[in-house]
Q: 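Got a structure for you, questions after.
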Amino acid sequence: MPTNQEIARILSEIGEYLDMAGVAFKPRAYEKVAETISSLQEEVNDIYKRGGLKALTEIPGVGTSIADHIEELIKTGRLKYYEQLKKKTPVDLFTLTQVEGLGPKKIKRLYKELGIRNLGDLEKAAKAGKIGKLEGFGEKSAENILKGIEFVKKSGGRFILGYVMPDIRIIEERLRKLKGVDRLEICGSIRRRKETVADIDILAISDKPKPVMDFFVNIPEVVRVYAHGPTKSMVRLKIGGMPASAKASAGIDADLRVVPPESYGAALNYFTGSRDHNVALRKIAIQKGWKLSEYGLFSIAEKRGNSRGITRKETRIAGRTEEELYKKLGMDYIEPEMREMTGELEASKAHKLPKLIGYGDLKGDLQTQTNWTDGSATIEEMAVAAQKAGLEYIVITDHTKRLAMTHGLDARRLAQQIKEIDKLNERFRIHDTRFKILKGTECDILRDGSLDLPDEILRQLDVVGVSVHSLFNLSEEEQTKRIIKAMKNPHADILFHPTGRLIQKREPYDVDMEEIIRTAKETGTILEINAYPDRLDLKDEYIRKCVNAGVKMSIDSDAHSPAHFAVLEFGIAQARRGWATKTDIINTRPVEQMLKLLK
DNA sequence: GCCGTTTTCGGCCCGACTGTTTTCAGTCG
């Protein structure tokens with residue numbers, strides 16, 4: 001049974017083969033449907049099982065031909081049409097197209113004239129000087145291909161946002177301070193605050209773009225310059241990124257575009273994306289008889305000349321700000337985190353967009369660890385750091401005894417910690433701060449769904465978080481049952497990192513999230529949005545389901561050191577991508593009100 | 001090959017840069 005990713009890859013390769021053959025329009029149809037399928041929530045397989053060919057054609061971009069292709073793939077595991085194309089040009093398209101500067105047309109010529117089928121062949125030919133001699137290629141192309149090969153070998157492609165953000169901000173500040181730069185913004189998936197990002201898109205306003213460009217391609221982090229023009233430059237940056245990895249050492253690509261002030265909003269919008277969101281906006285503009293580009297929204301007047309045909313006069317009608325642009329198109333402003341074509345255009349037209357939780361809206365943090373278990377700092381140090389980060393309260397949630405490697409707390413040590421926290425709060429009170437340390441736990445959920453600490457001690461805590469740290473491989477049924485039983489414990493207030501995933505490291509465990517969300521609603525259990533950059537667990541799609549179901553959530557740092565409170569912004573970003581408002585998140589409230597929302 | 005609240009036929013987002021060219025194709029985002 002082919003997975004969505006496998007189906008998407010085959011369809012996308014068909015698109016590239018058609019492109020190679022010079023076929024018009026079909027390539028884009030295949031590329032587009034491949035993108036849709038690779039980001040589909042439901043398995044295409046299941047859709048087919050449920051409703052056959054007809055259900056397949058209800059997937060956007062799937063018509064009769066592609067539906068037939070998919071059916072053949074599901075039924076036979078093969079696709080004759082694809083195999084025929086592949087036979088004509090039997091190359092490793094997937095890898096070769098990852099080489100910067102190589103597209104279908106060039107790959108075809110390299111195969112026809114030099115017999116190049118894969119990365120190895122390509123490297124050999126380039127080193128042997130064969131590519132430079134090919135008509136239309138030249139020495140420079142050969143050199144670029146070799147550099148491209150190096151990167152493909154080293155890089156996995158995407159970076160975890162929270163790990164690269166600190167370095168990106170340093171570069172951003174340096175460029176912003178540059179003389180001649182009036183405004184500057186990081187756009188693209190970074191502005192949309194995606195979980196992972198592939199590159200850095202930077203937009204600037206300047207009336208002297210040349211010195212800005214020259215500065216940019218010469219900053220010390222630049223290891224390679226792909227393009228250096230008057231309004232657009234592209235480079236590869238070597239930035240630390242944390243944790244240090246092979247990936248980070250390969251560097252990350254950054255583009256800088258400079259536009260005039262009257263185009264800033266349109267450019268900001270265009271370079272922020274998502275691509276699909278932009279395409280949809282341009283179509284709306286066309287329906288109104290206008291044209292939208294990164295330079296603005298234009299009305300078009302056509303004048304018929306006597307013999308010379310038609311002349312077009314374009315008049316800018318919006319583009320200085322994004323707000324103006326959306327308004328002119330008949331819509332409310334859409335926050336960057338929502339620009340993913342998941343219904344934001346419809347909501348915007350109907351003036352029904354939610355007012356998203358803001359980046360300064362958190363008043364507390366409900367999951368923090370200390371040196372009582374696997375954290376690095378004392379309770380007091382964590383409290384002081386949280387206060388500095390602008391919070392009014394934190395919950396200390398050290399691990400429990402089942403997690404032996406962290407010296408998890410048993411009932412006796414937890415009782416000691418409770419006393420310690422009482423003392424500290426007294427001291428804070430004396431020093432006349434309103435900051436409050438709450439007593440809590442990150443209590444392990446055992447195999448059978450019971451909790452790692454007895455009810456007698458849980459009863460004494462302000463906040464009980466429960467979470468899974470073992471037996472990730474249980475069947476979906478067993479895992480779901482286990483977690484639901486824990487949620488039904490009258491003391492279990494919050495389910496921490498509900499799916500257990502680690503981005504780029506560990507898949508989520510098999511769990512029926514629909515069922516978990518229903519149980520949360522039933523039992524009044526809070527679901528956590530864990531802000532730690534490689535967790536971001538819940539995912540945006542589940543956050544949105546919680547919002548729609550009226551299930552409350554918390555945003556927690558899972559801080560293991562004082563510096564970690566900085567990650568809360570990524571949790572807020574995640575919540576915003578799930579369309580959550582301030583009222584959906586319990587720790588936007590002052591401590592007394594927050595506590596009232598718990599069991 | 002897909003799609004339709006102006007279209008079931010005739011459209012399909014738009015522009016920048018490079019390299020190898022003498023006016024542009026290919027690639028990228």
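Quick note on labels: first sequence line is chain A, next is B, and so on, each numbered from 1.
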Q: Have a look at A:Ser233 and say if it touches a base, only the backbone sugar-phosphate, or nothing, with a 4.0 Å heavy-atom cut-off.
A: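 No contact at all - A:Ser233 keeps every heavy atom at 4.0 Å or more from the nucleic acid.
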Q: Of the candidate nucleotides B:dC13, B:dC28, B:dC2, which contains the atom at the shortest distance from the side chain of A:Ile66?
A: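 So the side chain of A:Ile66 is nearest to B:dC2.
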Q: What nucleic acid atoms does A:Val99 come within less than 4.0 Å of, heavy atoms only: base, sugar-phosphate, or nothing?
A: sugar-phosphate
Q: Strictly below 4.0 Å, N to O, side chains only: are A:Arg9 and A:Glu13 in salt-bridge contact?
A: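 Between A:Glu13 and A:Arg9 there is a salt bridge, with a charged N closer than 4.0 Å to a carboxylate O.
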Q: Which sits closer to the 5' end of DNA chain B, A:Glu139 or A:Leu102, going by the nucleotide each is nearest to?
A: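 Per heavy-atom nearest nucleotide, the more 5' residue is A:Glu139.
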Q: How long is the line joining CG of A:Leu203 and P of B:dG15, in whole Å?
A: 16 Å
Q: Measure OH/A:Tyr30 against P/B:dC2 and give the value in whole Å, please.
A: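 To the nearest whole Å, that distance equals 7 Å.
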Q: Using the P atom in both, what is the distance from B:dC13 to B:dC3, to the nearest Å?
A: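 Going atom to atom, P in each nucleotide, I get 14 Å.
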Q: Distance-only criterion, 3.5 Å: show the donor-acceptor pairs between side-chain atoms of residues 124-148 of chain A and protein atoms not counting sequence neighbours.
A:
from	atom 1	to	atom 2	distance (Å)
A:Lys127	NZ	A:Glu123	OE2	3.1
A:Ser141	OG	A:Phe137	O	2.4
A:Asn144	OD1	A:Arg224	NH2	3.1

Q: For residues A:Ile37 and A:Ile7, report the shortest heavy-atom separation together with the two atoms involved.
A: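 Looking at all heavy atoms of both residues, the shortest contact is CD1-CG2, 4.2 Å.
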Q: For the pair made of CG in A:Asn269 and C1' in B:dG29, what is the distance, rounded to whole Å?
A: 15 Å
Q: How far does CZ of A:Arg109 sit from CD1 of A:Ile116, to the nearest 0.5 angstrom?
A: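 Reported value, rounded in 0.5 Å steps: 11.0 Å.
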Q: What contact category does A:Asn144 fall into here, base, sugar-phosphate, or nothing, at under 4.0 angstrom with non-hydrogen atoms?
A: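 Here A:Asn144 touches the backbone only, sparing every base.
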Q: Filter on ring pair (Phe, Tyr, Trp, His ring centres under 6.0 Å), then keep only pairs touching residues 57-83 of chain A, sequence neighbours left out; what's left?
A: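 Every ring pair (Phe, Tyr, Trp, His ring centres under 6.0 Å) pair that includes a residue of residues 57-83 of chain A, provided the two are not neighbours, is A:His69-A:Tyr81.
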Q: So, A:Asn45 side chain and A:Ile74 main chain: donor-acceptor pair closer than 3.5 Å or not?
A: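 Absent.
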Q: Please give, in whole Å, the distance from B:dG15 P to A:Lys232 NZ?
A: 13 Å
Q: Expressed in whole Å, how much space separates the C1' atoms belonging to B:dT23 and B:dT18?
A: 15 Å
Q: If you count the non-hydrogen atoms of other residues, nucleotides and ligands that lie under 6.0 Å from NZ in A:Lys112, is the total more than 12?
A: yes
Q: Would you say the side-chain atoms of A:Asp253 and A:Tyr226 include a donor-acceptor pair closer than 3.5 Å?
A: yes
Q: Who is the Watson-Crick or G-U wobble partner of B:dG1, with both distances under 3.5 Å?
A: B:dC12
Q: Taking only nitrogen or oxygen atoms into account, show me every contact under 3.5 Å that the protein makes with nucleotides 3-12 of chain B, one pair per line with its distance.
A:
from	atom 1	to	atom 2	distance (Å)
B:dC3	OP1	A:Gly61	N	2.7

Q: Does the A:Gln574 side chain pair with the main chain of A:Leu538, one donor and one acceptor, at a distance under 3.5 Å?
A: yes
Q: Taking syn as any angle within 90 degrees of 0 and anti as the rest, which one fits B:dT7?
A: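 Here the answer is syn: the torsion falls within 90° of 0.
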Q: Using atom P in both nucleotides, what's the gap between B:dG19 and B:dC12 to the nearest angstrom?
A: 31 Å
Q: Which of residues 107-122 of chain A have a heavy atom under 4.0 Å from DNA chain B?
A: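 Of all residues in residues 107-122 of chain A, none places a heavy atom under 4.0 Å from DNA chain B.
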Q: Could you check whether A:Tyr226 gets within reach of a base, just the sugar-phosphate, or nothing at all, counting any heavy atom under 4.0 Å?
A: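 The residue A:Tyr226 makes sugar-phosphate contact but no base contact.
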Q: Hey, is the side chain of A:Ser141 poking within less than 4.0 Å of OP1 or OP2 on B:dG19, counting only N and O atoms?
A: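 Checking A:Ser141 against B:dG19: no side-chain N or O falls below 4.0 Å of OP1 or OP2.
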Q: To the nearest angstrom, how far is A:Glu135 atom CD from B:dC24 atom P?
A: 17 Å
Q: If you check the A:Ala227 side chain, which of B:dC2, B:dT18, B:dG29 turns out closest?
A: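 Minimum distance to the A:Ala227 side chain belongs to B:dT18.
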Q: For B:dT7 versus B:dG11, give the span between their P atoms, rounded off to a whole number of Å.
A: 14 Å
Q: Would you indicate which nucleotide in B:dG26, B:dG29, B:dA16 comes nearest to any side-chain atom of A:Lys106?
A: B:dG26
Q: Can you run down the ring pair (Phe, Tyr, Trp, His ring centres under 6.0 Å) pairs that involve residues 2-38 of chain A, sequence neighbours left out, and say none if there aren't any?
A: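 Found none.
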Q: Between B:dC2 and B:dT8, how far is it from one C1' atom to the other, in whole Å?
A: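 Pairwise C1' distance, B:dC2 against B:dT8, rounds to 12 Å.
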Q: Could you check how far CG of A:Leu18 sits from C1' of B:dG1, rounded to whole Å?
A: 9 Å
Q: Are A:Thr64 and B:dG1 close enough that a side-chain N or O sits under 4.0 Å from OP1 or OP2?
A: no
Q: Is there a donor-acceptor contact under 3.5 Å from the side chain of A:Ser189 to the main chain of A:Arg192?
A: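 No; judged by distance alone, with no hydrogens or angles, the pair does not exist.
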Q: Measure CD1/A:Ile131 against P/B:dG26 and give the value in whole Å, please.
A: 17 Å
Q: Contact class for A:Leu292 vs. all strands (heavy atom < 4.0 Å): base, sugar-phosphate, or nothing?
A: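 The residue A:Leu292 makes sugar-phosphate contact but no base contact.
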Q: Base, sugar-phosphate, or nothing for A:Lys291, non-hydrogen atoms under 4.0 angstrom?
A: sugar-phosphate
Q: Pick the closest DNA chain B nucleotide for A:Asn278 and for A:Asp255 by heavy atoms, then say which residue is nearer the 5' end.
A: A:Asn278
Q: Can you list, in residue-number order, the parts of residues 68-77 of chain A that come under 4.0 Å of DNA chain B, counting heavy atoms only?
A: none
Q: Expressed in angstrom and rounded to an integer, what is the separation of A:Asp19 atom CG from B:dA25 atom P?
A: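 Whole-Å distance recorded here is 14 Å.
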Q: Please work out if A:Lys140 contacts a base, only the sugar-phosphate, or nothing of the nucleic acid, heavy-atom cut-off 4.0 Å.
A: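 A:Lys140: backbone/sugar contact only, no base atoms under 4.0 Å.
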Q: Out of curiosity, A:Leu356 CG to A:Met338 CE, how far, rounded to the nearest 0.5 Å?
A: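 That separation rounds to 5.0 Å.
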Q: Please say which of A:Lys539, A:Arg501, A:Arg535 ends up in a salt bridge (Lys or Arg N to Asp or Glu O under 4.0 Å) with A:Glu195.
A: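 When A:Lys539, A:Arg501, A:Arg535 are each tested with A:Glu195, the salt bridge (Lys or Arg N to Asp or Glu O under 4.0 Å) holds only for A:Arg501.
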Q: What's the closest nucleotide to the side chain of A:Met234 if the choices are B:dG29, B:dG1, B:dA16?
A: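 The listed nucleotide nearest to A:Met234's side chain is B:dG29.
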Q: Do A:Tyr111 and A:Asp121 come within less than 4.5 Å of each other through their side chains, counting heavy atoms only?
A: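 Counting from C-beta outward, A:Tyr111 and A:Asp121 never come under 4.5 Å.
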Q: Donor-acceptor pair under 3.5 Å: do we get one between A:Tyr295's side chain and the base of B:dG15?
A: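 Donor-acceptor pair under 3.5 Å: no.
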